[in-house]
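Please read the structure below before turning to the comments.
Counting convention: from 1, in listed order, for ligands and their atoms alike. Predicted model only: the values in this text are computed from it and were never measured.
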Amino acid sequence: MASISSGLCSSSSSSNLIPKPLSPSPSSKIQSQFAETLKTPFSGFSIKSRHIYLTPHSVAREVPSIAATGDGLLPVAKKKGLETDPKALWERYTEWLYQHKELGLYLDVSRMGFTQEFVEEMEPRFLKAFNDMKELEKGAISNPDEGRMVGHYWLRNPKLSPNSFLRLQIENTLEAICSFSQDIIEGKIKPPSSPDGRFTQILSVGIGGSALGPQFVAEALAPDNPPLKIRFIDNTDPAGIDHQIAQLGPELASTLVIVVSKSGGTPETRNGLLEVQKAFREAGLNFAKQGVAITQENSLLDNTARIEGWLTRFPMFDWVGGRTSEMSAVGLLAAALQGIDIKEMLVGASLMDEATRNPVVKNNPAALLALCWYWASDGVGSKDMVVLPYKDSLLLFSRYLQQLVMESLGKEFDLDGNRVNQGLTVYGNKGSTDQHAYIQQLREGVHNFFATFIEVLRDRPPGHDWELEPGVTCGDYLFGMLQGTRSALYANGRESVTVTVQEVTPRSVGALIALYERAVGIYASLVNVNAYHQPGVEAGKKAAGEVLALQKRVLAVLNEASCKDPVEPLSIEQVADRCHSPDDIEMIYKIIAHMAANDRAIIAEGDCGSPRSVKVFLCECNVDALYA
Ligand SMILES: O=P(O)(O)OC[C@H]1O[C@](O)(CO)[C@@H](O)[C@@H]1O
């Protein structure tokens, strides 16, 4: 059982990786049966020969090298211009391996096929990118469309802030997060009607950048028995919301609800809040005494929380974007309440920030990543990035990166107004689980990706490992799967990057976040797009608003017909005409089908499968609405 790190806001050594008790090893009989079932390791891909052949009674034998095999597919790598000679590959590996000693982090780009000429050609662009990042950190308006500074780097090093006002804001907020979480954990701030007088659960309501970071960090770092457990409402799916509330059950009384929205007006988050407030009312609880808001000053949410007298409010700064907000109150409050050492996260990020300011590409891990992305995708997103963390606790890293990378880089226009339709597609779950899902296609199918392996060297807390067959632990298999997949992909011409950390700790997670934040910033400069706005999301939001406005008109028309005596069922065409929206007929049909599926409309004739035959009226006539 892992215990929580004692000083959640201390910057001393972490970690939540307190050794778990040793689980008893299976009896020797079970062990040998188990070993039998594992006789053919790595059967999911074709590494039939390797230097060390992992069988239950392994004997090192002379076999062809992993790098040089992959089922004899080496020529494919060669044809694709990739280095294939094992010695030359080793040379390339050692020459390009980036190491951050203090963080224990490595970046291996040797399995990307970029050439020296390419690196040299990219030099001027990198010079510009480094300069852009420097200006950004100094407080330039690096998000020109929104007229905003971009300051997530200041969050982990407030001294860098362009003025002392911002610096104080950051420091005070951190201070407030630490003392508030301490008070909650120690029971100094209590829920009003909980029997044992302590908050036990967090319900975090937010979406996108206001959810993905906290979700990733909770999964990666929360101890097995955190002081407060966390749940998320990150959608406007009523069934999903009901599920979260039902799971809390009577613990709703000891749930701290954190509502997170930078803008304070995101509809999904507002809906989540209203649903949760309803659940509180129904349970006879006072929401305000258990509610916390994280939002920009004077936003709708901020004003609501202030007027209703919520427990407290934390600021979200104008100059921090949602997808880079993990080190702001958005990520830190939830993490601290779960007993995660947030100062260690900040130290990790700050160390990485320092390293990624290095103006020499080879010595700058974020620049190296950006170089690889550019190389693999021709600087136009022609290949996808598949992120494969080989560690269960990092499962959500790929989802987190998906927003960070795709919302930042996926842009129609560049900074000069040219239509470029830029982007870099990111997906992935975790290894070796994905070995048994989609890696088949990665190795042999359409070649439209490059991979990023995330490797964690420490399998388990020290002293807890055991050999499930002679000389081999469970973690060795995970390691073998990663290395084997990397080799097998490469042998078939599929490039990859490997990021290695020693352990999953607050420090390494902070560093990983900072590494990718900077890589995105640099890459955006390389391809000349604004990484810090998201105009494309607005189109969908606007269209959603229009659908809801149309639904109100449909309801009014149907209500009028349904209040007649006798009730007048209407065809879809009639509804569209009466709404003065004949061109929206398809949407009107969908609105009606949705209402019918939710018992709010009655299909009098026909069925939803044949739209033209449908005649519809409402379940109830709303007389008040007639005169509204
Ligand atoms: O924190 P907010 O303002 O609720 O926004 C949530 C998310 O919505 C977006 O603005 C996109 O719609 C993201 O960029 C952001 O992370």
Side-chain angles (χ1 to χ4, degrees), residues 142-152 155 173 203-217 232-237 240-241 257-276 291-305 310 313-334 396-397 399-412 422-424 426 513 516-517 520-521 524 529-548:
S142 296
N143 179 357
D145 304 61
E146 296 177 357
R148 284 174 161 150
M149 298 188 287
V150 176
H152 46 277
L155 297 170
T173 305
L203 183 57
S204 179
V205 184
I207 197 166
S210 292
L212 287 159
Q215 285 168 331
F216 161 51
V217 166
F232 293 90
I233 291 179
D234 66 352
N235 201 355
T236 184
D237 172 11
I241 295 171
V257 182
I258 308 180
V259 185
V260 192
S261 174
K262 176 177 173 175
S263 60
T266 301
E268 291 93 328
T269 305
R270 182 207 68 148
N271 296 356
L273 167 61
L274 295 178
E275 293 273 358
V276 172
V292 174
I294 302 179
T295 184
Q296 284 191 112
E297 217 181 322
N298 287 328
S299 72
L300 191 60
L301 172 61
D302 191 42
N303 293 335
T304 307
W310 293 15
R313 293 173 286 141
F314 291 97
M316 232 203 124
F317 307 120
D318 172 70
W319 35 268
V320 174
R323 54 189 173 273
T324 52
S325 65
E326 180 48 34
M327 309 282 164
S328 74
V330 172
L332 297 183
L333 179 66
L396 296 182
F397 192 43
R399 203 196 286 180
Y400 170 78
L401 288 182
Q402 196 168 55
Q403 187 203 19
L404 176 63
V405 175
M406 294 178 73
E407 201 169 53
S408 301
L409 301 178
K411 300 292 154 73
E412 183 162 17
Q422 267 291 351
L424 185 62
V426 179
I513 290 172
Y516 277 88
E517 282 176 350
V520 165
V529 296
N530 178 357
Y532 310 105
H533 68 164
Q534 50 286 327
V537 188
E538 298 312 315
K541 284 187 192 168
K542 195 167 160 259
E546 283 162 9
V547 172
L548 292 173

- Message: Please check whether G209 reaches ligand 1 - meaning an N/O of the residue sits under 3.5 Å from an N/O of the ligand, judged on distance alone.
- Response: yes
- Would you mind finding which of E407, H533, K262 brings a heavy atom closest to atom 13 (C) of ligand 1? E407
- Message: Any nitrogen or oxygen of S210 lying under 3.5 Å from a nitrogen or oxygen in ligand 1? Just yes or no.
- Response: yes
- Message: Less than 3.5 Å apart, any donor N or O on the side chain of R313 or T295 sitting next to an acceptor on the other?
- Response: no
- Message: Looking only at protein heavy atoms, which one is nearest to atom 3 (O) of ligand 1, and what is the separation?
- Response: S263 OG, 2.6 Å
- Atom CZ of R399: over 12 foreign heavy atoms under 6.0 Å: no
- Going by the side-chain hydrogen bond (donor to acceptor under 3.5 Å, both in side chains) test, name the single residue among E517, E407, Q402 that passes it with R323. E407
- Query: Where is the nearest protein heavy atom to atom 7 (C) of ligand 1: which residue, which atom, and how far?
  - Reply: I207 O, 3.7 Å
- Which atoms of ligand 1 sit under 4.0 Å from any heavy atom of G208? 16 (O)
- Task: Kindly write out the residues that satisfy ring pair (Phe, Tyr, Trp, His ring centres under 6.0 Å) with W319, not counting sequence neighbours, or none if the list is empty.
- Result: W154, F317
- For D234, all residues meeting salt bridge (charged side-chain N to carboxylate O under 4.0 Å, His left out), sequence neighbours excluded: none
- Message: For the backbone of M316 and the side chain of K262, can you confirm whether one donor and one acceptor N or O come within less than 3.5 Å of each other?
- Response: no
- Query: Quick one: which ligand 1 atoms are inside 4.0 Å of a heavy atom on S261?
  - Reply: 1 (O), 2 (P), 3 (O), 4 (O)
- Item | Interfacing atoms of ligand 1 (cut-off 4.0 Å, heavy-atom, Q403) | 13 (C), 16 (O)
- Query: Would you say the side-chain atoms of E268 and N271 include a donor-acceptor pair closer than 3.5 Å?
  - Reply: no
- Query: Which of the listed options, R270, K541, R323, Q534, holds the heavy atom that is closest to atom 8 (O) of ligand 1?
  - Reply: K541
- Number the atoms of ligand 1 from 1 as they appear, then name those within less than 4.0 Å of a heavy atom of T266, with their elements. 2 (P), 3 (O), 4 (O), 5 (O)
- Is the closest N or O pair between E538 and ligand 1 shorter than 3.5 Å? no
- Message: Are the side chains of I233 and S204 in contact, using a 4.5 Å heavy-atom criterion?
- Response: no
